[in-house]
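Values below: every heavy atom of this structure, side chains too, minus hydrogens, waters and symmetry copies. Numbers restart at 1 for each chain; the letters A, B, ... are given by sequence-line order, proteins then strands.
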2 protein chains.
Amino acid sequence: MGHSKAEKAKTHKRIVGIASKRLREEGLEGVGIAELMKEAGLTVGGFYKHFGSRHDLVAEALDAALGGWKRRINAAASGGSAATYTRLVDDYLSEAHRDHPGTGCAISALGGEIARSDERTRALVTGQIRNDIQWIASLIRGRNKNAARSKAILTFSALVGAMGLARAVSDEKLSREILKTVAELLKELNS
Amino acid sequence: MGHSKAEKAKTHKRIVGIASKRLREEGLEGVGIAELMKEAGLTVGGFYKHFGSRHDLVAEALDAALGGWKRRINAAASGGSAATYTRLVDDYLSEAHRDHPGTGCAISALGGEIARSDERTRALVTGQIRNDIQWIASLIRGRNKNAARSKAILTFSALVGAMGLARAVSDEKLSREILKTVAELLKELNS
DNA sequence: ATTATCTATAGATCTATAGATAATGC
DNA sequence: ATTATCTATAGATCTATAGATAATGC
């Protein structure tokens, strides 16, 4: 039963981190407060000293989840922008990403539920998507800015869609075919 | 209070039809049995003479929902396969489709939740996705069968992903840009 | 004194079932 | 006689709150 202010801030982050993972794994309504608190080593009662409501936690957890995969790819990237594009496509469409939605892209894991969320949550997501598109455009070859942006939008759509299909499909072979095929064609698009 | 066998079959279909729409609109867990039955002009009690459980209804409703948009596009298509491809892309990425998930593609509306569903549901979806890919491949130009299949997979991924992004985004302008851009580039891909 | 956390529970909601009612169909 | 539907409710689950407890920090 730690009670210092520093402890509380750490506890808060821990709850958000756990929620950020579990919500991507099980959907925005898949886990209850009691279970999340238990995973953080706490009990239900303490929850409302940290968040005004379950909904507030969801918004915070989604915010924390959104930029994660991009930061990871950028951090690991070493070569030029073309190499980073290749890395983005291969990492995003990897079997590891498919099998671990909890640490992956929040949009492919929660797209449908985000579309049904309130304005505040969707505004958050909109900003992130805007950034993602600009980031991908900056990795694309050619000097025509408009063409790069268009290709970036197609790339992002194909990434999100291919991951959605690969996760929905129960046939491992078909799932792998989807990931590989889309990765190859996207890399051609940028060569 | 109709009670004939013929009436019951009609009632069954009506419930499935309503569920098929409402589940696409509000997610697989978004609507309760009582509300669905009320929309069908019935009450909760009768539900279990039609379905073993809520889960059974969800499976049936999803099955009914899956092929809908494809049938509609095929029915409306008149020209050759290239014209049908154009029609597919334009219809799928229309603002009408974006704004009416209840009558649209179940995969773009429910992708994330399907990935979390049980094996039986996912097997159903897998078969449908396999068909969709073959159908799209048959609409693609060129005599190389493997290349057509690859392009079909990219097309389907981009359609599903673009619709997911367009629905998630709360900025109407960005949403429209995503739909238009992906539609244009996909049509180029098949020209 | 304040507050982060605990235990306990009220209140809402939802699935599923029990038993009654009113049609069908042999 | 059978059964499709009705009303009513049991049982489970989940969010949010109330009041107690045990630390921190002036």
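The side chain of A/T11 contributes no N or O atom lying less than 4.0 Å from OP1 or OP2 of C/dA4. Under 4.0 angstrom from either OP1 or OP2 of C/dT5 there lies no side-chain N or O belonging to A/T43. Put simply, A/H50 has a side-chain N or O that comes within less than 4.0 Å of OP1 or OP2 on C/dT5.
In this structure, CD of B/E7 is placed 10 Å from P of C/dG25, rounded to the nearest angstrom. Atom NE2 in A/H12 sits roughly 11 Å away from atom P in C/dT5 (whole-Å rounding). The nearest whole Å value for the distance from the CD atom in B/E29 to the C1' atom in C/dT13 is 14 Å. Rounded to an integer number of Å, the gap from A/K49 NZ to D/dT24 P is 17 Å.
End-to-end axis angle of the helix from C/dA1-D/dT24 to C/dT24-D/dA1, from C1' rotation axes over five pairs per end: 0° (rounded to 10 degrees).
Partners of A/Y92 under the ring-ring contact (aromatic ring centres under 6.0 Å, His included) rule, at least two apart in sequence or in another chain, are A/W69, A/H97. For A/H12, the ring-ring contact (aromatic ring centres under 6.0 Å, His included) partners at least two apart in sequence or on another chain are A/H50, A/F51. Listed by chain and number, the residues in a side-chain contact (heavy atoms from CB on, under 4.5 Å) with B/E26 are B/R22, B/V31 (sequence neighbours excluded).
With B/I15 as the partner, the side chain to side chain contact (heavy atoms under 4.5 Å, CB included) test is satisfied by one option alone out of B/M37, B/E60, B/E39: B/M37.
For the residue pair B/S94 / B/D91, no side-chain donor-acceptor distance below 3.5 Å is found, with atom types taken as modelled.
Using a 4.0 Å heavy-atom cutoff across all strands shown, B/K8 reaches sugar-phosphate atoms only and no base atom.
A distance of 12.0 Å separates NZ of B/K21 from CG of B/L23, quoted to the nearest 0.5 Å.
Classification of B/E172 and B/R98 as a salt-bridged pair holds, one side-chain N sitting under 4.0 Å from a carboxylate O.
Without hydrogens or angle criteria, A/R54 side chain to A/I33 main chain gives no donor-acceptor distance under 3.5 Å.
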Between the protein and nucleotides 14-18 of chain C, list the N/O to N/O atom pairs that are separated by less than 3.5 angstrom.
from: C/dT15; atom 1: OP1; to: B/R54; atom 2: NE; distance (Å): 2.7
from: C/dT15; atom 1: OP2; to: B/I33; atom 2: N; distance (Å): 3.0
from: C/dA16; atom 1: OP2; to: B/Y48; atom 2: OH; distance (Å): 2.6
from: C/dA16; atom 1: OP2; to: B/R54; atom 2: N; distance (Å): 2.9
from: C/dA16; atom 1: O5'; to: B/Y48; atom 2: OH; distance (Å): 3.2

Atom pairs and distances, donor-acceptor, side-chain atoms in residues 184-191 of chain B, under 3.5 Å, two or more places apart:
from: B/K187; atom 1: NZ; to: B/D90; atom 2: OD1; distance (Å): 2.8
from: B/K187; atom 1: NZ; to: B/D90; atom 2: OD2; distance (Å): 3.3
from: B/N190; atom 1: OD1; to: B/R141; atom 2: N; distance (Å): 3.0
from: B/S191; atom 1: OG; to: B/E188; atom 2: O; distance (Å): 2.9

